[in-house]
Peer 1: 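Would you mind keeping the following structure in view while I ask a few things?
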Amino acid sequence: MDEYEVRVRIYAAVVVVLFLILGGRLAQIQLFNGAGDGGAAGNAVRERPVEPARGAIYDRDSTLLVDNQPTYTIMLTPRYFDRSKTGLLADLMGVADSTVTRKLEAARAWNPFRPSRSFRKVSFDTFSRVQEHLYELPGVSHEIELRRRYHTAARSAHALGYVREISNQALAQNRDDGYRAGDFIGKMGLEKAYESALRGKRGSEFVLVNVRGSEIKPYRNGQNDEPPEGGYDLHLALDHEVQALAESLFVGKRGAAVALDPDNGEILSFVSEPSFDPSIFSRSVSGPVWDSLRTAPTDPLFNRAVRSGFPPGSTWKPFMSLVALEEGLLTENQRLDCPPTYRIGRRAFKNHQMKDEGRITVEKALEVSCNTFFYQLMDRMELKTWHDWAREFGFGQEIPLDIGEQASGLIPDSSYYDRMYGRWTDGYTINLGIGQGDMSVTPLQLARYTAALANKGTLPSPHFVRKMVHPRTGEVRRPDLPPAESIPIDSSSFETVREGMHRVMTDGTGQWVQIPDIPSAGKTGTAQNPHGEDHSLFIMFAPYDDPEIAIAVAVENAGYGATAAAPIASLMAEKYLTGSIADTWERRYWKTQLRDSVRSAPPKGFGAPSDSSVTEPPSQAPSADPLRTDAGARTDSVGAAPPASSAGRD
């Protein structure tokens with residue numbers, strides 16, 4: 001036998017052995033394993049995905065805010081569906097035949113061989129009727145899905161966000177991450193920002209199906225199944241009771257409120273109004289409903305807390321005081337005139353109600369909110385100095401945050417004025433000293449600035465999430481936060497400014513919104529709006545000696561800071577610090593006023609929900625008089641009457 005024949009015989013022997021092995025394995029599957037799984041010829045094994053439980057969300061006291069509830073979904077597999085049964089399925093579902101046909105075509109376009117989620121959130125009665133007739137409906141199966149359920153009166157819509165069926169565009173972008181048509185994905189807020197942690201890991205079940213596509217039984221009694229892995233639970237810093245109170249006080253208003261823990265930047269409350277009920281997304285949202293949300297004139301999907309821009313008005317005066325003290329333009333006990341007007345060239349810039357407060361210190365200037373005092377400081381200050389310090393305080397830039405997009409606001413420098421106006425003088429910038437003119441800040445930026453005033457010089461990193469906890473293993477993960485930023489201003493300057501803000505609450509424009517028995521510090525502001533009613537602003541922190549909460553509130557087109565934004569902030573702080581609202585006539589008055597009377601006037605252009613209102617200058621061309629200003633007409637004054645007669649006060 002030559003070498004060639006030997007090689008041929010060896011090769012033939014190897015082939016025979018391989019065929020024997022494969023044949024034996026096939027016989028094992030068909031005769032032994034198959035016998036335990038139905039054993040009928042023509043059966044096939046189908047992998048069915050099992051969705052994980054999306055992580056729950058809790059507030060700072062472990063009160064459950066969001067979890068999941070089961071819903072029933074009817075699925076269609078076009079390859080196996082008998083079109084002659086269209087009418088039967090339509091009758092069982094209570095829909096038109098054309099609806100079933102349309103769902104079937106949509107499923108076929110995705111994948112004719114795989115089940116498609118065609119009818120979601122069907123009632124239990126409908127689900128039961130279909131189950132009774134499954135033997136007549138090849139290609140029809142079901143799935144139990146989990147949808148979001150909300151447990152408290154606090155909507156927190158712009159903080160929490162919502163979950164919605166993935167769009168075709170998002171599916172194309174996320175297919176590599178295991179998303180399929182019909183999956184749900186976080187949209188906006190924490191649901192979006194923490195999608196990967198909340199989502200969990202999909203599992204698999206293997207079932208035997210017959211030639212008609214109907215499921216018979218689990219394959220191998222589930223031995224090959226892979227259980228799903230639930231997502232992490234989020235534990236937030238939000239206080240749901242403070243949040244619910246704030247939302248109730250914003251009825252009929254547009255604006256935002258942000259409350260922080262000044263020590264660590266935890267977000268205690270985060271309000272943007274008008275808002276929406278996120279629970280509407282726990283059911284199928286029709287096109288008209290979605291369009292009504294998306295196109296509403298008040299834009300409830302727009303996050304005013306981080307994307308709307310306001311001139312800060314007199315809430316800017318503590319900033320001006322700190323910079324002037326640090327730059328040596330002023331000393332703690334130095335007195336400056338607070339005259340009725342302050343002149344630059346031929347133009348007179350007015351104090352509120354043309355008041356003359358005489359020669360006063362910076363603490364007194366904050367208490368009475370003297371415009372002309374701060375015009376003088378701005379006149380002495382270089383624009384670059386003003387701009388650079390504003391950046392040190394976090395204005396004019398995005399700040400650390402664990403959700404979504406935000407606007408940076410507008411803090412102008414000389415290049416801005418060169419670009420916008422060509423030739424310009426101090427008359428263009430003098431209003432920056434009282435938080436007016438070509439500048440804007442977001443409510444979140446104001447809250448962070450207030451926290452720095454409270455803690456004497458540290459800008460914390462605002463964040464919602466305290467920790468993420470795995471529900472099965474108990475593993476705890478904490479968010480990776482950027483470090484806090486220190487403001488290089490002497491602590492004695494902060495003490496001086498804080499005392500001035502304390503006097504605002506005891507003797508100034510904030511005296512009628514003091515928290516009973518809890519000393520605080522604050523600053524009212526009325527941001528002038530040439531396109532309609534002025535905007536109401538207020539910043540505060542409490543308790544004064546050891547602050548636990550710092551708040552910024554902005555209410556669009558609501559008038560004076562003392563009559564809209566200030567009482568909202570004060571009631572929020574009291575609720576957080578004490579757990580209740582004191583039953584005094586002043587507190588009852590403010591709750592009634594805010595819920596029944598105080599409203600945002602209809603918008604007339606400024607403050608409309610668009611990024612341009614934050615990052616771009618006003619669209620109006622400068623007037624013929626380069627020193628023309630409306631600032632100072634109604635910014636601040638000291639109120640000495642009870643709330644009922646304090647309307648018109650900042």
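Positions are given from 1 along the sequence. From a predicted model like this one, the values you see are computed outputs, not experimental measurements.
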Peer 1: Does the side-chain contact (heavy atoms from CB on, under 4.5 Å) test come out yes or no for Arg60 and Leu268, once each step is laid out?
Peer 2: CA-CA 8 Å; Arg60 67 185 296 105; Leu268 310 175; 3.2 Å; yes
Peer 1: Between Pro462 and Ile399, which heavy-atom pair has the shortest distance, and what is it?
Peer 2: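 Residues Pro462 and Ile399, closest heavy atoms: CG-CD1, 4.3 Å.
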Peer 1: Output all residues satisfying ring pair (Phe, Tyr, Trp, His ring centres under 6.0 Å) with Tyr576, sequence neighbours left out; order by chain, then residue number.
Peer 2: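 In terms of ring pair (Phe, Tyr, Trp, His ring centres under 6.0 Å), with neighbours along the sequence ignored, Tyr576 is linked to no residue.
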Peer 1: For atom NZ of Lys253, decide whether the heavy atoms of other residues, nucleotides or ligands shown that lie under 6.0 angstrom number more than 12.
Peer 2: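 More than 12 within 6.0 Å, yes.
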Peer 1: When you measure from the side chain of Gln131 to the backbone of Ser141, do you find a donor-acceptor pair of N or O atoms at a distance under 3.5 Å?
Peer 2: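 No, Gln131 side chain to Ser141 backbone: no donor-acceptor pair under 3.5 Å.
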Peer 1: Can you see which heavy atom on Ala107 is nearest to which on Ser116, and at what distance?
Peer 2: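 Heavy atoms of Ala107 and Ser116 come nearest at CB-CB, 3.4 Å.
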Peer 1: Could I get the full list of ring pair (Phe, Tyr, Trp, His ring centres under 6.0 Å) partners for Phe464, not counting sequence neighbours?
Peer 2: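 For Phe464 the ring pair (Phe, Tyr, Trp, His ring centres under 6.0 Å) partners, ignoring immediate neighbours, are Phe270.
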Peer 1: Check the pair Tyr150, Asp277 against side chain to side chain donor-acceptor pair (under 3.5 Å), reporting the backbone distance first and the verdict last.
Peer 2: CA-CA 10 Å; Tyr150 300 84; Asp277 183 357; over 6 Å; no
Peer 1: Is Arg595 atom CZ crowded by more than 12 heavy atoms from other residues, nucleotides or ligands, each under 6.0 Å away?
Peer 2: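 Yes, CZ of Arg595 has more than 12 neighbouring heavy atoms, counting only those of other groups under 6.0 Å.
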Peer 1: Inspect the contact between Arg294 and Asp299 and indicate whether a charged nitrogen and a carboxylate oxygen are less than 4.0 angstrom apart.
Peer 2: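 Judged by the 4.0 Å cut-off on N to carboxylate O distance, Asp299 and Arg294 do not form a salt bridge.
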Peer 1: Would you check if the side chain of Glu556 reaches a backbone N or O of Pro602 as a donor-acceptor pair within less than 3.5 Å?
Peer 2: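 Side chain of Glu556 to backbone of Pro602: no pair is present.
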Peer 1: Measure the spacing between CG of Asp82 and CG of Leu137 and express it to the nearest 0.5 Å.
Peer 2: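 So the gap between those two atoms works out to 9.0 Å.
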Peer 1: Give a yes or no on whether Asp177 atom CG has more than 12 heavy-atom contacts from other residues, nucleotides or ligands under 6.0 Å away.
Peer 2: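 Correct, the count exceeds 12.
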Peer 1: Does the separation of the ring centres of His142 and Tyr72 fall below 6.0 angstrom?
Peer 2: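 Centroid distance His142-Tyr72: not below 6.0 Å, so no.
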Peer 1: Does Ser128 use its side chain to pair, donor to acceptor, with the backbone of Phe124 at less than 3.5 Å?
Peer 2: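 Flag set: sc Ser128 to bb Phe124 pair under 3.5 Å.
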Peer 1: Whether the side chain of Ser536 engages the backbone of Ala565 through a donor-acceptor N/O pair (distance < 3.5 Å, no angle test) should be reported.
Peer 2: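 Looks like yes, one N/O pair under 3.5 Å.
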Peer 1: Is there a donor-acceptor pair under 3.5 Å between the side chain of Thr295 and the backbone N or O of Asp291?
Peer 2: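 Yes, because the side chain of Thr295 sits within donor-acceptor range (under 3.5 Å) of the backbone of Asp291.
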Peer 1: For a side-chain contact (heavy atoms from CB on, under 4.5 Å) with Phe119, tell me which candidate from Val130, Thr73, Val100 qualifies.
Peer 2: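 The single option meeting the side-chain contact (heavy atoms from CB on, under 4.5 Å) with Phe119 is Val100.
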Peer 1: Between Val271 and Gln243, is the side-chain contact (heavy atoms from CB on, under 4.5 Å) condition met? List the steps.
Peer 2: CA-CA 7 Å; Val271 178; Gln243 182 77 15; 3.7 Å; yes
Peer 1: For the pair Arg117 and Arg180, evaluate side-chain contact (heavy atoms from CB on, under 4.5 Å) and give the outcome as yes or no after the intermediate values.
Peer 2: CA-CA 10 Å; Arg117 300 180 181 99; Arg180 305 174 308 142; 2.6 Å; yes
Peer 1: Please identify each residue that fulfils ring pair (Phe, Tyr, Trp, His ring centres under 6.0 Å) with His235, with sequence neighbours left out.
Peer 2: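 So His235 forms a ring pair (Phe, Tyr, Trp, His ring centres under 6.0 Å) with Tyr58.
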Peer 1: Closest approach of Ala53 and Leu146, non-hydrogen atoms and distance?
Peer 2: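 For Ala53 versus Leu146, the nearest heavy atoms are CA-CD1, 3.6 Å.
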Peer 1: What pairs of residues pass the salt bridge (charged side-chain N to carboxylate O under 4.0 Å, His left out) test when at least one of them lies in residues 95-110, not counting sequence neighbours?
Peer 2: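 Matches after skipping sequence neighbours: Arg83-Glu105.
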Peer 1: Measure up the Tyr135 and His133 rings against each other and bin them: parallel (under 30°), tilted (30 to 60°), perpendicular (over 60°).
Peer 2: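 Tyr135 and His133: parallel rings.
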Peer 1: What residues form a side-chain hydrogen bond (donor to acceptor under 3.5 Å, both in side chains) with Asn111, not counting sequence neighbours?
Peer 2: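 If we apply the side-chain hydrogen bond (donor to acceptor under 3.5 Å, both in side chains) test to Asn111, skipping adjacent residues, there are no hits.
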Peer 1: How long is the straight-line distance from OG1 of Thr442 back to CG of Leu410, given to the nearest 0.5 Å?
Peer 2: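 If we round to the nearest 0.5 Å, Leu410:CG and Thr442:OG1 are 12.5 Å apart.
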Peer 1: Using a 3.5 Å distance criterion without hydrogens, assess whether the side chain of Asn529 forms a donor-acceptor pair with backbone atoms of Glu533.
Peer 2: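 Checking the backbone N and O of Glu533 against the side chain of Asn529, a donor-acceptor pair under 3.5 Å is found.
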Peer 1: Can you name the closest pair of heavy atoms from Val140 and Leu76 and give their distance?
Peer 2: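 In terms of heavy atoms, the two residues are closest at CG2-CD2, 3.8 Å.
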Peer 1: If a pair satisfies ring-ring contact (aromatic ring centres under 6.0 Å, His included) and one of its residues is in residues 86-113, list it, with sequence neighbours excluded.
Peer 2: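 Pairs touching residues 86-113 that pass the test: none.
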Peer 1: Please determine if Glu226 and Arg202 form a salt bridge, counting it only when a charged side-chain N lies under 4.0 Å from a carboxylate O.
Peer 2: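 Here Glu226 does not pair with Arg202 in a salt bridge, since their nearest N and O are not under 4.0 Å apart.
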Peer 1: Would you check if the side chain of Ser408 reaches a backbone N or O of Gln397 as a donor-acceptor pair within less than 3.5 Å?
Peer 2: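 The answer is no, because no donor-acceptor pair under 3.5 Å joins these two groups.
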Peer 1: About how many Å separate CG of Asp59 and OG1 of Thr152, when rounded to the nearest 0.5 Å?
Peer 2: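 If I round to the nearest 0.5 Å, the distance is 7.5 Å.
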Peer 1: If you compare all heavy atoms of Ala569 against all heavy atoms of Ile551, which two are closest, and at what distance to 0.1 Å?
Peer 2: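 Residues Ala569 and Ile551, closest heavy atoms: O-CD1, 3.4 Å.
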Peer 1: For Pro482, which residues count as a side-chain contact (heavy atoms from CB on, under 4.5 Å) partner, sequence neighbours excluded?
Peer 2: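 Applying side-chain contact (heavy atoms from CB on, under 4.5 Å) to Pro482 gives Pro400, Ser461.
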Peer 1: May I have the list of side-chain donor-acceptor pairs in residues 473-481 shorter than 3.5 Å, sequence neighbours left out?
Peer 2:
unit_1, atom_1, unit_2, atom_2, d
Thr473, OG1, Glu475, N, 3.2
Glu475, OE1, Tyr232, OH, 2.5
Glu475, OE2, Tyr232, OH, 3.4

Peer 1: A side-chain contact here means heavy atoms from C-beta on lying under 4.5 Å apart; do Gln406 and Leu401 qualify?
Peer 2: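 Yes. Closest side-chain heavy atoms under 4.5 Å.
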Peer 1: Against Arg599, only a single residue in Leu594, Asn557, Val251 fulfils side-chain contact (heavy atoms from CB on, under 4.5 Å); can you say which?
Peer 2: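 For Arg599, the side-chain contact (heavy atoms from CB on, under 4.5 Å) test succeeds with only one of Leu594, Asn557, Val251, which is Val251.
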Peer 1: Using side-chain contact (heavy atoms from CB on, under 4.5 Å) as the criterion, list what pairs up with Thr126, not counting sequence neighbours.
Peer 2: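 Thr126: side-chain contact (heavy atoms from CB on, under 4.5 Å) contacts with Met93, Val122, Ser123, Arg129.
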Peer 1: State the CD1-CD distance between Ile185 and Gln173, to the nearest 0.5 angstrom.
Peer 2: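 Taking CD1 in Ile185 and CD in Gln173, the distance rounds to 9.0 Å.
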Peer 1: Which pairs count as salt bridge (charged side-chain N to carboxylate O under 4.0 Å, His left out) when at least one residue sits in residues 192-201, sequence neighbours excluded?
Peer 2: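 Of all non-adjacent pairs touching residues 192-201, those that pass salt bridge (charged side-chain N to carboxylate O under 4.0 Å, His left out) are Arg54-Glu195.
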Peer 1: Could you grab the distance from atom CG of Asn303 to atom OG of Ser275, nearest 0.5 Å is fine?
Peer 2: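 The CG atom of Asn303 sits 9.0 Å away from the OG atom of Ser275.
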Peer 1: Rounded to the nearest 0.5 Å, what's the gap from CG on Asn264 to CD on Glu266? Could you check?
Peer 2: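 Nearest 0.5 Å value for the CG-CD distance: 4.0 Å.
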Peer 1: How close do Leu198 and Leu190 get, counting heavy atoms only, and between which atoms?
Peer 2: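 Heavy atoms of Leu198 and Leu190 come nearest at CD1-O, 3.9 Å.
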Peer 1: For Asn68, give me all partners under side-chain hydrogen bond (donor to acceptor under 3.5 Å, both in side chains), at least two apart in sequence or on another chain.
Peer 2: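 Arg148.
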Peer 1: Apply the test side-chain contact (heavy atoms from CB on, under 4.5 Å) to residues Asn174 and Asp183: give CA-CA distance (whole Å), side-chain angles for both, the deciding distance (0.1 Å), then the verdict.
Peer 2: CA-CA 11 Å; Asn174 294 276; Asp183 281 354; over 6 Å; no
Peer 1: Counting N and O atoms only, with roles assigned by atom type, does the side chain of Asp61 sit under 3.5 Å from a partner on the main chain of Asp239, one being a donor and the other an acceptor?
Peer 2: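 Looks like no, no N/O pair under 3.5 Å.
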Peer 1: Donor-acceptor pairs under 3.5 Å, side chain of residues 155-167 to any protein atom, not counting sequence neighbours: which ones?
Peer 2:
unit_1, atom_1, unit_2, atom_2, d
Arg155, NH2, Glu273, OE1, 3.4
Arg155, NH2, Glu273, OE2, 2.7
His158, NE2, Pro300, O, 2.8
His158, NE2, Phe302, O, 3.3
Glu165, OE1, Arg120, NH1, 3.2
Ser167, OG, Ala170, N, 3.1

Peer 1: Taking NZ, NE, NH1 and NH2 as the nitrogens, is one of them in Asp67 or Arg149 under 4.0 Å from a carboxylate oxygen of the other?
Peer 2: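 Salt bridge flag = yes for Arg149 with Asp67.
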